[in-house]
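Comments concern the structure below.
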Amino acid sequence: MGWFLEANFILIGIITILMAFGTLSTKKVMRAAAFLLLTLVGVALTYLFLGFEFLMGIQITVYAGGILILFLFSVLLTGHEEFKMDLEFAKENIVQILISILLFFTLTALMLSIYGNYQLTGNELVLQAQTKGLTQDFSVALFSHFNYVLPILGVLLFSAMLGSVKLVLREEEL
Amino acid sequence: MESEIIYYALGVVTSPFIGSLILTIFAFIHYAKTHGHEETEENNHEEHEEHGLKYTPLENFVSTIGILSIFASWVFMLLLAIKFFTTEHHGAFLTTSYDFFGFPVTQNIQVGLLVDALSVYMGLIVTTLALLIHMYAREYMHGDKGYPRFFATFNFFTGIMLSLVFSSSFFELFIFWELVGLSSYLLIGFWIFKPSAAHAAKKAFLYNKVGDVALLSGFLILYKLTGTLNFMELPDKIHNLTPLQTALISVLIFGGVIGKSAQFPLYTWLADAMEGPTPVSAILHSSTMVKAGVYMVARVFFLYWQAHEGEYNFAGDNWALAVVAWVAAITALLAGLQALVENEIKRILAYSTVSQISYMVLALGAGSKTAAMYHLLSHATFKALLFLTAGAVIHVVHTNNIWEMGNLRKKIPKTFTAMLIGAIGLSGFPGISGFWSKDAVLATVYYSDVPGNKILFTLGVVTAFITALYTTRFIIVVFFREPTPENIERVEHAHDGGFFLTIPPLIMAALVILESLTFIPTPIFKFEEWLMEWLEPGVHAHEVALTLPILSAIVVLLGIGTGIYLYYYNYNILASLNQNKVIIPIREFIAQRYYIDKVLYWIANVPAMIVSRLLQDIDIKIIDRTIIDTWIVKGSLGLAKISDVFDQGIIDGIVNGVWMIALTLGRAFRKLQTGIVSNYASIFAAALVIFLGYVNFLIFIK
Amino acid sequence: MTAIPIEYPLILSSALFSLGVFGVITQKNAVRILIAIELIINAANINFVTFASYNPNADISGWVFALFIIAVAAGEAAIGLAIFINVFRNFGEINVKHLFTLREV
Amino acid sequence: MSSPQEFFGNIADLIRGIPRDIILLLNRLPYVHLDPENDVRGVIVILMTAILAIYGLTNLLLAPWLERKVMARMMGRRGPVYVGKFGLLQLIADIFKLISKEDTMPMTADKFGFNLAIFMMGIATIMSFAPIPWARGVVGANMDIGLLYVFAVFSVFPPAMLLGGWASNSKYSLIGGFRAAAQLVAYEIPMMLSILGVLIFSGSLNLMTIVEEQYSNGWYVYRAFPGLFIAFVIFLFASLAETERTPFDIPEAEGELVMGPRTEFSGWRYAIILMVEYIHMYVNVILVIVLFLGGWDVIPVIHGVNYPEFLWMIKDNRLIQFLAFNVKIYIGVFFVTWVRVSFPRFRIDQFIEWGWKTLLPLSFIALGIVVVYAGLLVA
């Protein structure tokens, strides 16, 4: 039943890319944020396919529940400008569009050629992860071998929190 | 099991420090709140109604914390002692040690806790007495502005002494040795507004330092020769040393003891240290600071014994123990004589302490750790008791001079009872604790093979006589003699202190009696042999002839009788003795402390002055006038001219050229910076494309 | 579970990355630029997870890094948006084409 | 069917067996080679989830009825009586009424956002049923990250609310959306912190494991007393706030904001929103029960007390477990209703302040107590 998973993955990938394009091409910033939410959910599903369901949960909780709220709030606080991708836009930004397309091709070519090198040596890369019991392994590793990660994150997020609060408060409120 | 012992020991050592830490923080907050009101003599002696003895909340809090932390330490110590003495650990060491910082230079220098019979024995004495003295200090220090500061320092002092007792290496011991010096400095100079106290503190500190230099050099030589400082490893490594080296090291280490334990010629600081509050004197003399020296010698006794091993020939190298014994014997006699002529009650006790410590050191010099520790136990108890009661006496009559007191036995019966018991112990009255331990010391000296041991024994007996005499003297003068007319009023108003001023001395008196009962040698249990079994397993005591204790008892009774005769029944003889033309200069000589202070001052001062005068001349005439004024000034002027030319011409030119280049380039490149984020990002992305394309190209070629 | 070839997630990630770069270099609204940056971060994250999942040595440091990146992205978004709100307060707009006070005019 | 106590186990096995049989049948077709063990796992999960979700939804029809009845009795009214016996079918009648209404949308509304918000909320609520254990072995998807999954699904609500409020293009809706998002974010943190205590004891995010742990060692409400009890109370109030029930229904506050972010929705959209609201409440009650009140466990074990054999037989009976779980849910729903009737509404600033300044420190304290307790347990 490999084809079923493959087809699902391709479907979700295409939807994700379409949503990402929608994020950039839609008229209103608020809609862009909504499209971003769908993109993020798509990426989370990709993680599920890659065998990392824990990160799926984290992605949706943190990104969709946390960061996106920030985006929506700040969009509503900063006002939203109309924006449209049309022919005139393409004419103005022809160089930028070209650069992006070239970037896509070079990047894909690079990654696939590296993978190709892998194949030449006879070590074909296959998906290693098994879904069952994996969250446990991951958390054990997080608290044993990678035990410095969470403290560092704590300090980082705390300082980010303080910094953003300091930035947003007005002078007279301080 | 072992870990349990170590945890108990940790508890013993850390609890006073925890109390001290809390109190220190509290004291800082308190003094910050009261804006550091200067402590002065006026506001320090606030008179209070004795019946209305009320502790302020501050005092209640501070003393509770202080006493509780020491109590915790005491409980831990009891648990530790029970655990240690009920399990089989004859001579076994239990220790945890940590490498000190792991520097390559400090290899084998370790920090840890060493729990053996000696340290448990000593720790038991220290904690018990410290607990009682803390309780005493609760009332004694009542009304003092420095109450929090006192308890903080006091706890710190106790903790330091306990840490010293449980030290596992010379290095660690030295650290705490110095900290003992520091905290005694703080406590002796506790009443900072009194110039005499400040002076005494400085004196104690400096006299100690002289000895500490000897100690430091002693154990550094030891480290150089053996490569270790751990007490556990040293006994094995010591056999490789030559007798001369061992003896040298032993004598140098004994130098530290001379300073800290107040031996001849550095003992005069101890009497001046009486400027501190009475609880400080009590703890300083009974169990902590001055006993640290005795404890250290006992701790490294294998070193002295090693120096002593083999045939004893004075012409050869083995003279370490002899030095120890002779210094101790001389100190004992000199200090005893001095106690006989002193008038201040605390100073009498101080000189008595010096004399008694010398007994312990004498026992060590005669080769018996057991006898020394035996006498340490009995002396610690009754000396603490004597100081506490002396403090109580001073507290109620407000004077230090014994001739201004008199007939106090009916006014302060509880204090009198306690002090009498302590004095009987000190005098060595037959059957009381002091008698048995002193007897052990004298027997050890008599049977030892130190050169001149018979002379040492005689000196010891004479000192015993003097001890009995001065003890009787101050007891009679303070408690039995009628007071002089001008002092009657002062004495009339005296009465016993409050709960904490009377109960701890009474407990101590009970302890003295308990010890006396324990020390009586019976066929079933002999305390000395039991102690020897723990401290020096494998060594057996001499069979002591019955004549020695009888002789000692006779001498002591003689001393007491003389005292009673001289100071109570026939006071006229004493008066005529004081007028005697032969006695007066001797008396003056003793009262001036044999001019030791003056000699020491001369030794320290005169050579230094001569050398510094010489150096001053050299400095002014040769260095200032010749070298600096002529050579250096002219030379630097010439150099300055050359560098001026170099600076103006070459360096300025380079700098100017650089800024001109930067300006030109900046004008050219300024056009590139549009200030718009998107443009930068586009260029960045384009560069990324080019870079990735290049990498692709490389892979393709490969 | 072994069916998905490694090319698929790689192509997905490079497409997301290119779209993100496209957004960053063409958009005028600063919040949109930040959204595009989130896309780039997600693309990088997919790559981390992919290579960790396909690693024959079962090394999970890539996953730990992915977790780390998500948290860093949260901090980055908070700080960035705070800055934009401040910019909006001071300039009245957040169009990056008009914000060039650093340039010498 | 061997005995009543195996009834539910057999049903679960039956559900698991059906797709396997179908695949074995399919394998008879040419060109089809399917592995009956691996390939049907996803299908089983979907099937079980669907069945249990449908059960939950039907069950849910009773919850609004119960709420209205209880409310009415507490207010001295009779509540719905006309449709069906005791008015049991009132909700169905309401749904039909709403669906058959005209489908209207404000002219200035943003169509995309307006619809997307509804769909997101609807899908997310139904998805949240997947990992809930109804009895031993009766679960839709037995996933390792069960709890995290539920929270992930719920975390879609704040953006959806805000999006719906914005898309309606009405100031009441927008302010309501703001309030809803702020409230959800503020109360998610104490909620998360209060479940950390549970996770310390269970050592797993899997809801099945959490319930099994409570089954053998006692419910979490009274363990590590009072640490987990405080956590329980915090979780209870935070989940009431999450579901925006009175007294925490600030976003919809009729007196101020008409209906909050839901103001402009009508017809079938309003029906979905009502359903979402009730399911959200329902699942939150279930979470409280699963995390703190023993889930499907019938008799709480007390440490050091030996129960006789028949009590263990009762505890092990799946039918009783299932029924007990349902009873607990109804008690929970009753409690929620009771709170709703009894308390007046908070003001928004009081409420947010209460969340950040009271519940958050309190949850830290509770967590500290649990950590100390667990540390003692380990030592």
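Letters A, B, ... are given to chains in the order of the sequence lines, protein chains preceding strands, and every chain is numbered from 1. Scope of the values below: all heavy atoms of this structure, side chains included, with no hydrogens, waters or symmetry mates.
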Atom CZ of B:F71: over 12 foreign heavy atoms under 6.0 Å: no
B:F17, CZ atom: more than 12 neighbouring heavy atoms under 6.0 Å: yes
B:W74, CH2 atom: more than 12 neighbouring heavy atoms under 6.0 Å: no
Greater than 12 external heavy atoms within 6.0 Å of B:Y694's OH: no
CZ (A:F73) with more than 12 external heavy atoms under 6.0 Å: yes
Between OG on residue B:S682 and CG on residue A:L98, distance to nearest 0.5 Å: 12.0 Å
Euclidean distance, A:L110 CG relative to B:F691 CZ, rounded to 0.5 Å: 8.5 Å
Non-hydrogen atoms of B:A686 and A:I99 that approach each other most closely: CB-CD1, 3.9 Å
Rounded distance (nearest 0.5 Å) linking atom CG of B:N679 with atom CD of A:Q96: 7.5 Å
Interatomic spacing from CD1 in B:I690 to CG in A:L103 - rounded to 0.5 Å: 11.5 Å
Qualifying residue for side-chain contact (heavy atoms from CB on, under 4.5 Å) with B:L692, from A:L102, A:T108, A:L107: A:L107
Nearest heavy-atom neighbours spanning A:S113 and B:I699: OG-CD1, 3.8 Å
